[in-house]
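Remarks on the structure that follows.
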Amino acid sequence: MRIIESDSQAKHLQEWLGSGVDEEIFHLNVKSLFGTLPYEYLLYSPKISRRNDGRLRDRDLKKYQHIELGGWWCSGIDPLNNYVSMMWGCFKPDHPRRDRQKIHKFIKYEHPFREETRAFFLLVPNRIWVKVSNRSGIPITEEDLQHPGGFWHWIWRHNVPVTIVEGVKKAGALLTAGYAAIAIPGVNAGYRAAASCQ
């Protein structure tokens, strides 16, 4: 199967636009990947067992071979690390693999193997930032504009109301509509196990 990069990008863009996400938010946060490139995004953890020569084990290569057929990758920025691009993210393969636990189900999204899940803080263009500011009634100062953390630092600094949603496209759609939104990767990512009290 031959993959044409521009066709993949156009298909992925249409998927996001169809979910109500602003095109600039898509271009700031999403990449179309195929071939061996998705391995660099999903299989980087030092916790992954490797062969003596450093190569991935055959079982992991077989498990993830479907990612070579392409898909889109989304990450965002890391507010816990000076707002730099986050290494962690999600990959939606164009041809997902079957879930071994639920044979009739496919695994729609892949996350970096053996890494803790994180939340998504999408990069936001200034015109969307202004939209969120207008909707929330919280002005953007010159100091906010100059801060390297930009939009997300402004959210934190001014305690702007935030909606937490499951799925990065939903966060993109809410941001497009002028609501501050953080995405978590799944329904179980939004809670912590409580320690027993005695």
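- Two residues are said to be in side-chain contact when any heavy atoms from C-beta on lie closer than 4.5 Å; His12 and Asp94 meet this criterion.
- Contact annotation: the side chain of Glu143 approaches that of Arg157 to within less than 4.5 Å [non-hydrogen atoms, C-beta and beyond].
- Minimum interatomic distance between Gly89 and Pro112 (heavy atoms only, all atoms of both residues): O-CD, 3.1 Å.
- For Arg59 against Ser49, the heavy-atom pair with the smallest separation is NH2-CB, 3.9 Å.
- For the atom pair Asp144 CG and Thr141 OG1, the distance stands at 3.0 Å (nearest 0.5 Å).
- Here the CD1-CG distance, from Ile25 to Leu17, works out to 11.0 Å after rounding to the nearest 0.5 Å.
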**Request:** Assess whether side-chain contact (heavy atoms from CB on, under 4.5 Å) is satisfied between Tyr41 and Phe91, documenting all intermediate values.
**Result:** CA-CA 8 Å; Tyr41 288 78; Phe91 180 72; over 6 Å; no
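- Considering only heavy atoms from C-beta on, Arg118 comes within 4.5 Å of Leu80 through its side chain.
- Residues Phe120 and Pro185 form a side-chain contact, since some pair of their non-hydrogen atoms from C-beta on lies under 4.5 Å apart.
- With contacts defined as side-chain heavy-atom distances shorter than 4.5 Å, the pair Cys74/Leu122 qualifies.
- Residue Asp78 comes nearest to Met86 through the heavy atom pair CA-CE, 3.9 Å, listed as atom of the first residue, atom of the second, then distance.
- For the atom pair NZ of Lys105 and CZ of Arg97, the computed distance is 12.0 Å after rounding to the nearest 0.5 Å.
- Taking each heavy atom of Ala180 and Ile155 in turn, the nearest pair found is CB-CD1, 3.5 Å.
- In terms of heavy-atom proximity, Gln9 sits nearest to Phe26 at O-CZ, 4.3 Å.
- Rounding to the nearest 0.5 angstrom, the gap separating the OG1 atom in Thr36 from the CG atom in Leu61 is 11.0 Å.
- For the pair Trp72 and Val168, the minimum side-chain heavy-atom distance is below 4.5 Å.
- The distance from the CE atom of Met87 to the OH atom of Tyr44 is 5.5 Å, given to the nearest 0.5 Å.
- Side-chain atoms of Leu33 and Tyr39, non-hydrogen and from C-beta on, never get closer than 4.5 Å to each other.
- Ring geometry for Tyr109 versus His111: interplanar angle of 30 to 60°, hence tilted.
- Among Trp152, Phe151, Trp88, the one residue that satisfies the ring pair (Phe, Tyr, Trp, His ring centres under 6.0 Å) test with Phe121 is Trp152.
- Distance check, rounded to the nearest 0.5 Å: CG of Asp22 to CG of Leu28 gives 8.5 Å.
- The environment of Lys31 atom NZ is sparse: at most 12 non-hydrogen atoms of other residues, nucleotides or ligands sit within 6.0 angstrom.
- Crowding of Lys47 atom NZ: a count of heavy atoms from other residues, nucleotides or ligands under 6.0 Å exceeding 12.
- Around OH of Tyr179, the count of heavy atoms belonging to other residues, nucleotides or ligands within 6.0 Å does not exceed 12.
- Two residues are said to be in side-chain contact when any heavy atoms from C-beta on lie closer than 4.5 Å; Ile107 and Pro93 fail this criterion.
- Within 6.0 Å of the CG atom in Asp53, the count of heavy atoms belonging to other residues, nucleotides or ligands exceeds 12.
- Surrounding CZ of Arg51 are more than 12 heavy atoms belonging to other residues, nucleotides or ligands, all under 6.0 Å away.
- Of all heavy-atom pairs spanning Leu175 and Ile128, the tightest one is O-CG2, 3.2 Å.
- The aromatic ring centres of Trp73 and Phe34 sit 6.0 Å or more apart.
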